[in-house]
Engineer: 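Let me give you the structure first, and then I'll get to my questions.
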Number of protein chains: 2
Amino acid sequence: MSESETQSPDKTPGRIRTITDLAKVAGVSPGTVSRALSGNSLVNAKTREKIELIAREHGFRPNQMASRLRRQKTGVIGVAIPLGHDVRQQISDTFFMTLLGYLADELTEKGYDLMLRRVIPAQDEDWLDRFIGSGMVDGVIVIGQSDQFDRIEDVADGYLPMVVWGNHQEGQRHCVVGSDNRLGGKLAAEKLIASGATSLAFLGDTQPIEFAARFAGAREVAEKMGVPIRALPTHLSPDRTSKEIADHLIRIDANVDGIFAATDTVAVACLKELRNRDVEVPEQVKIVGFDDLPIANQTVPPLTTVRQDIAAGAKGLVDLLLRRLTGDDTESLVLPPHLIVRETT
Amino acid sequence: MSESETQSPDKTPGRIRTITDLAKVAGVSPGTVSRALSGNSLVNAKTREKIELIAREHGFRPNQMASRLRRQKTGVIGVAIPLGHDVRQQISDTFFMTLLGYLADELTEKGYDLMLRRVIPAQDEDWLDRFIGSGMVDGVIVIGQSDQFDRIEDVADGYLPMVVWGNHQEGQRHCVVGSDNRLGGKLAAEKLIASGATSLAFLGDTQPIEFAARFAGAREVAEKMGVPIRALPTHLSPDRTSKEIADHLIRIDANVDGIFAATDTVAVACLKELRNRDVEVPEQVKIVGFDDLPIANQTVPPLTTVRQDIAAGAKGLVDLLLRRLTGDDTESLVLPPHLIVRETT
DNA sequence: TCTATTTTTGCAAACGATTGCAATTTGTGA
DNA sequence: TCACAAATTGCAATCGTTTGCAAAAATAGA
């Protein structure tokens, strides 16, 4: 053996480390052991029992690396979170994290493992190709398009098993699951206006297409109803949000009586700033958020918001991906958001 | 070839799929290609350039499965989140999710991938052995001991590369990183009493050892100061918390003027219930939370709380794990929490 | 008892990359 | 120009499991 000294230090003679070791102990061939442990039916019941017993006694489990190399599939789904402009945003973003939790549940249930990778596209040109080409994953779920829409489109043509959480654009080529942000925006604006608001503002970053769509929906309704609306750019990183909102509020003062926040997080910060300035909600200013995070129900007053069904989203992502894994070229899935009326409107 | 029909359908002749394909195109041996791509110095600069060029042109990346099998290491760290009693809790638990985010950052930076697995110990006896023995990970980080303390202890003896986020017990055998919960509890109680509270209550589940330690710390201080303290068991799943807290508040009524909440999430829910009952905070009742989540700064009034340094925790977990990967039997790391005084005390 | 089947097993070739050693090429100095 | 050292490259074994095919064993049928 040419690399004998590289060998693992743990060479306890009794130790069963490979399927061949086990085969020797059981007095059969490695092939038989493999078949027995993989639940394959081509093996005598008694032989299987014996093998399983030995495996259990020695706590043996077949090496997954080897298995996966041979079978040419990994049983792992890669989940990528691209951190676009606002690097610090998503890390604490409850929405994404909750989605991730549900994804983990769904995938586990279907027998897949989840490999998480956070990428900073600005520092890593071909993060997506790298992830896909690594041979470590059977398929990829991308959480959030961020500012990577085009790169994702490029990849989508040549790589089927990929599904993306995000906004759906007419004619796009990659398969996406996400809420109908435009509709959500409409619902929000309609509610604000119906509650008596006469001048609206959208609080949030309109760069990411999800948010852009929310704003677009709201604007459509506002224009139809003859109500003015403006966008007030606001970052979503917790440390900057508050100050930016405060500045906005000072500037707009009493000119706005209906606020549509891009996310609940922004809405909560806004609520607080309004209270600091002794503005009554909803009497003087009405607010609608987006997401319906748990916190939305804990604010004072409780927040009216547009709910995204996160669990359904996760399920959709996984279902579509699994179908794509079998070769289906699936359509995108757009989920309807729902208005949850509480007490800020 | 015995399994020629099993071969990948994508057998475009020009396609470079393996290191051998690339070797053929470049007119060298596979070994040389491997060395060139792995940045190994034993290869002529010109040859390397040529190989790298071809690789780039064809978007070729070495198969990780094969590489890792051969090198006997995976470059993947497993992160397990055991979901104990309160299954639905952690999924949305901002604290754990934020920790996960930081972990992903730290690991990525050190060149490791992160494999996430959520386990329900009640349904899966030997989840930890399975994870470790899968051959898919070089090491394991367990987020939260939940009710699995003993199982983790069992495994720790035979498996070095494991680090756990949680509470440190005198004499335990597994390596843990976590806040000094007892000290945190003391800080909270001291602050409540210093602010004038004369009768304390701990709101939270005292089963998990982290929370038990927080309560124990608070009780130690309370007893020393001659202030009564009681524990009011409260679940941490968002849907149940509110109602349980409401019930508690009705029961204790005016008998308690200082509340120590097991987490900020509970504190926020509590704040809201108090407001519903028109109890003034901090005038009538003082509150201290735990964690210092972003939300703590957004409540009305802003929440006084005990901060856990999540980023430092993640860094500690990764650093210790990497040292263990090299064979070090590292000590546990206990981080000091800090009292953040805002306006609820 | 002796074929003809059906079940079980063993054999050995993959999967694709890495790496010690040996062979080859290149470069150096006399 | 030649001997010798250094730098490159090729060869082939190896990581541990899976699986098509063939051989062996068990069972059935006559």
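Every chain is numbered from 1, with letters handed out A, B, ... down the list of sequences. The structure displayed is predicted, hence computed values, not measured ones.
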Engineer: Give a yes or no on whether a salt bridge exists between B/Arg15 and B/Asp21, defined as a side-chain N under 4.0 angstrom from a carboxylate O.
Structural biologist: no
Engineer: Look at B/Gln72 and D/dT14 and indicate whether a side-chain polar atom (N or O) is within less than 4.0 Å of OP1 or OP2.
Structural biologist: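 Negative; the distance criterion is not met.
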Engineer: Show the distances under 3.5 angstrom between N or O atoms of the protein and N or O atoms of nucleotides 6-11 of chain D.
Structural biologist:
unit_1: D/dT9; atom_1: OP1; unit_2: B/Thr47; atom_2: OG1; d: 2.6
unit_1: D/dT9; atom_1: OP2; unit_2: B/Asn44; atom_2: N; d: 2.9
unit_1: D/dT9; atom_1: OP2; unit_2: B/Thr47; atom_2: OG1; d: 3.4
unit_1: D/dG10; atom_1: OP2; unit_2: B/Ser29; atom_2: N; d: 2.6
unit_1: D/dG10; atom_1: OP2; unit_2: B/Ser29; atom_2: OG; d: 3.0
unit_1: D/dG10; atom_1: OP2; unit_2: B/Thr32; atom_2: OG1; d: 2.8
unit_1: D/dG10; atom_1: N7; unit_2: B/Arg35; atom_2: NH2; d: 2.9
unit_1: D/dG10; atom_1: O6; unit_2: B/Arg35; atom_2: NH1; d: 3.4
unit_1: D/dG10; atom_1: O6; unit_2: B/Arg35; atom_2: NH2; d: 3.0

Engineer: Using whole Å, report how far CZ of B/Arg61 lies from P of C/dA17.
Structural biologist: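 In whole Å, C/dA17 P lies 13 Å from B/Arg61 CZ.
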Engineer: Output the rounded distance in Å from CZ (A/Arg17) to C1' (D/dG16).
Structural biologist: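 To the nearest whole Å, that distance equals 9 Å.
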Engineer: Less than 3.5 Å apart, which donor and acceptor atoms pair up between the side chains of residues 26-35 of chain B and the rest of the protein, not counting sequence neighbours?
Structural biologist:
unit_1: B/Ser29; atom_1: OG; unit_2: B/Thr32; atom_2: N; d: 3.4
unit_1: B/Ser29; atom_1: OG; unit_2: B/Thr32; atom_2: OG1; d: 3.2

Engineer: Looking at C/dA17, I'd like to know if its phosphate oxygens (OP1 or OP2) sit under 4.0 Å from a side-chain N or O belonging to B/Arg71.
Structural biologist: no
Engineer: Starting at atom NZ of A/Lys46, determine the distance to atom C1' of C/dT7, rounded to an integer number of angstrom.
Structural biologist: 14 Å
Engineer: What integer distance in Å separates A/Gln64:CD from D/dT17:P?
Structural biologist: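 Rounding to the nearest Å, CD of A/Gln64 and P of D/dT17 are 9 Å apart.
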Engineer: Side chains of A/Val76 and B/Met136: closer than 4.5 Å at any heavy-atom pair?
Structural biologist: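 In contact.
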Engineer: In this structure, how many angstroms lie between the P atom of D/dC15 and the CG atom of A/Asn63, rounded?
Structural biologist: 12 Å
Engineer: Would you sort out whether B/Gln148 and B/Trp127 count as a side-chain hydrogen bond (donor to acceptor under 3.5 Å, both in side chains), showing the intermediate values?
Structural biologist: CA-CA 10 Å; B/Gln148 299 291 302; B/Trp127 57 278; 3.0 Å; yes
Engineer: From the list D/dG16, C/dA17, D/dT18, which nucleotide is the closest neighbour of the side chain of B/Ser34?
Structural biologist: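 Closest nucleotide among those given: C/dA17.
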Engineer: How many whole angstroms separate atom CZ of B/Arg68 from atom P of C/dA17?
Structural biologist: 13 Å
Engineer: Between A/Leu37 (CG) and D/dT17 (P), how many Å, whole number?
Structural biologist: 9 Å
Engineer: Which pairs pass side-chain hydrogen bond (donor to acceptor under 3.5 Å, both in side chains) with one or both residues in residues 311-323 of chain B, sequence neighbours excluded?
Structural biologist: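 The answer is B/Lys315-B/Asp319, B/Arg323-B/Asp328.
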Engineer: Given A/Arg173 and A/Asp329, is the salt bridge (Lys or Arg N to Asp or Glu O under 4.0 Å) satisfied, shown in steps?
Structural biologist: CA-CA 11 Å; A/Arg173 305 194 298 284; A/Asp329 191 350; over 6 Å; no
Engineer: Rounded to the nearest 0.5 Å, how far apart are CG of B/Leu22 and CZ of B/Arg61?
Structural biologist: 12.5 Å
Engineer: So for B/Arg70 and C/dT18, does any side-chain atom that can act as donor or acceptor lie under 3.5 Å from a complementary atom in the base?
Structural biologist: yes
Engineer: What integer distance in Å separates A/Leu22:CG from C/dG10:P?
Structural biologist: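 So the two atoms are 12 Å apart, to the nearest Å.
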